[in-house]
Amino acid sequence: MQDLKIYNTLSGKKEIFKPINSQHVKMYVCGPTVYGEGHLGHARPAITFDILFRYLKYLGYKVRYVRNITDVGHLLNDADDGGDKIGEKAKSLQLEPMEVAHYYTKKYHDSMQKLNVENPSIEPIASGHIIEQIEMIKKIIDNGFGYEVNGSVYFDVVKYNESNNYGILSRRKIEDMMDNTRELDGQSDKKNQVDFALWKKASPEHIMRWPSPWGDGFPGWHLECSAMSCKYLGEEFDIHGGGMDLVFPHHEAEIAQCCAANNNKGANYWMHNNMITIGGQKMGKSLGNFITLDQFFNGTHSKLNQAYHPMVIRFFLLQAHYRSTIDFSNDALQAAEKGLIRLFNAIKVLNELIPKKQSTIDVSFFVSKCDEAMNDDLNTPIVLSHLFELVKIINSAKEGSYDLKLEDIDNLKQMFHKYTISIFGLHSLNQENNTSDLDGLMNLILDIRNKSKENKDWATADKIREELNNLSIQIKDTKDGSQWSYKN
RNA sequence: GGUCGGAUGGCCGAGUGGCUAGGCAGUGGUCUGCAAAACCAUCUACACCGGUUCGAAUCCGGUUCCGACCUCCA
């Protein structure tokens, strides 16, 4: 077995993955802020790290995967009058903030289930860990890296940087940041503009608030992940993941908080998925290309020509490497849909293949190529390209231009199952369960149609085929007789 | 403005010095009552300008364009 290599943002290089404990992997991924509909930006990290979660388990590790839900309303901007997203939404809908959070958490879970994203081992909620966050702030203050001003607590980045490296992850220099940060209305309590809030005093109209040693307020933007990863994974753990947009300031701040509180940087490997674009543009509400996951699944958005099955979204994401940007368009998704159908058709063909005495192709070559690609920083598009080469071989074997012996067919079955089902978490667009009743029915229909064909009653034969087609059942007339399958 | 990343054929997307990634679409063929599927063949590439090299999509320099972050963000 080759080593798994993953790209570590901390070092800027691919590194051989070695967990702290040789049997167990501890992994934390930043989850959604639940104040709005789930969108593609939520799907990508969820799927990227779902693949990693599944693969690590496949490799035999016990994995504790923690992915948080952020339901604490953080400020919209740095000014003191700011509302927060969840609070604002709650006000506008006249709901309790917790109702808003709960509603969108449920929707997020529904979408994740449709995308066949496995549940993490623990899904901690930020508002349920206020105590842990307060305790962490106390430690940071005790260690001299936090200061209180007017009921708020800030992280002293400049002081921290004297003994640590603020910028270790994002490769920023504190001097540049000091130069670049513009003055914000002069009202700030911060010693330096680069400082960030650990605890924020709640203004009277701020709904989400908790008591603390510094008065009523709410925790800072970056603290929850540090507090919760520390609680469930310990002061040092293996992998921390999230979107690239989180590298700075969120993850940089997390490292600083962990070092300041525990004198330990937290995660050893930092992994970041790249962003998505829609039609070449950044997805954004102002650009009119903000498409929710539900809209993709239902096809209810003016930019979409059709509905896209969650598996198509998942498959499409896997056709690009997680560290590349990926562009969504109708053309690209339709291509992915066809590719996915082709892949699963080949698996069906494989299951029906008649073994030959000898193989005329070296199957093990492809097996090792796939493993190699997967171990090379989860290069899923390369794995898929090898699988598609095998799709051609499998189809050819059916036509007789290649031979496959029993052992190789079994190897292929195992390999396709391993990658498509176990690791990639894909399934066929129409789950063909419980088809035994239908089989009898379909055999009857095909029998009638074949009679028509024998009588050269093409009109009836075509009508049956067409009507079934409308029901998403496809007839294929082959040399060996007529076959049926779900169209998708 | 600062920091970082990217630009590959009709579309998506791998690849990082010489050897066709792959998917979808197109074209021709095989098969078929017709169709679909499948198979075979085939077409369209490496943003631009220089440089290094026997050889550059790949390395170096410059240019243009795009994006991310710097402010909540996946």
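Residue numbers start from 1 in every chain, and the chains themselves are labelled A, B, ... in the order their sequence lines are given, proteins ahead of strands. The analysis underlying the following values was restricted to heavy atoms, covering all of them including side chains, and did not include hydrogens, waters or symmetry mates.
- No hydrogens or angles were tested; on distance alone, nothing pairs the side chain of A/D457 with the base of B/G33 as donor and acceptor under 3.5 Å.
- For the pair A/I382 CD1 and B/G22 P, the interatomic distance rounds to 10 Å; values are reported in whole Å.
- Which of B/G33, B/C69, B/C39 sits closest to the side chain of A/D245 comes down to B/C69.
- For A/N273 and B/A68, the CG to C1' distance is 12 Å, given to the nearest whole Å.
- Rounded to a whole Å, the CG atom of A/N330 is 12 Å from the P atom of B/C12.
- Here the P atom of nucleotide B/A38 and the CD1 atom of A/I341 are 10 Å apart, to the nearest Å.
- Using modelled atom types, one finds no donor on one side chain facing an acceptor on the other under 3.5 Å when comparing A/Y65 with A/D50.
- Whole-Å rounding puts the A/L340 CG to B/C12 P distance at 20 Å.
- Nucleotide B/A21 holds its C1' atom 10 Å from the CG atom of A/N379, rounded to whole Å.
- Pairing for B/C65 is with B/G6, a Watson-Crick or G-U wobble pair whose two hydrogen-bonding atom distances lie under 3.5 Å.
- Checked against B/G15, B/G33, B/C69, the side chain of A/F248 finds its nearest nucleotide in B/C69.
- Here B/A25 is the nucleotide among B/A25, B/C11, B/C40 with the atom lying nearest to any side-chain atom of A/K338.
- For the pair A/Q319 (side chain) and A/P381 (backbone), a donor-acceptor distance under 3.5 Å is absent.
- Between the side chain of A/R465 and the base of B/A36 there is no donor-acceptor pair of N/O atoms closer than 3.5 Å.
- For A/F297 and A/H309, the ring centers sit 6.0 Å or farther from each other.
- Here the side chain of A/E37 pairs no donor or acceptor atom with the backbone of A/D294 at under 3.5 angstrom.
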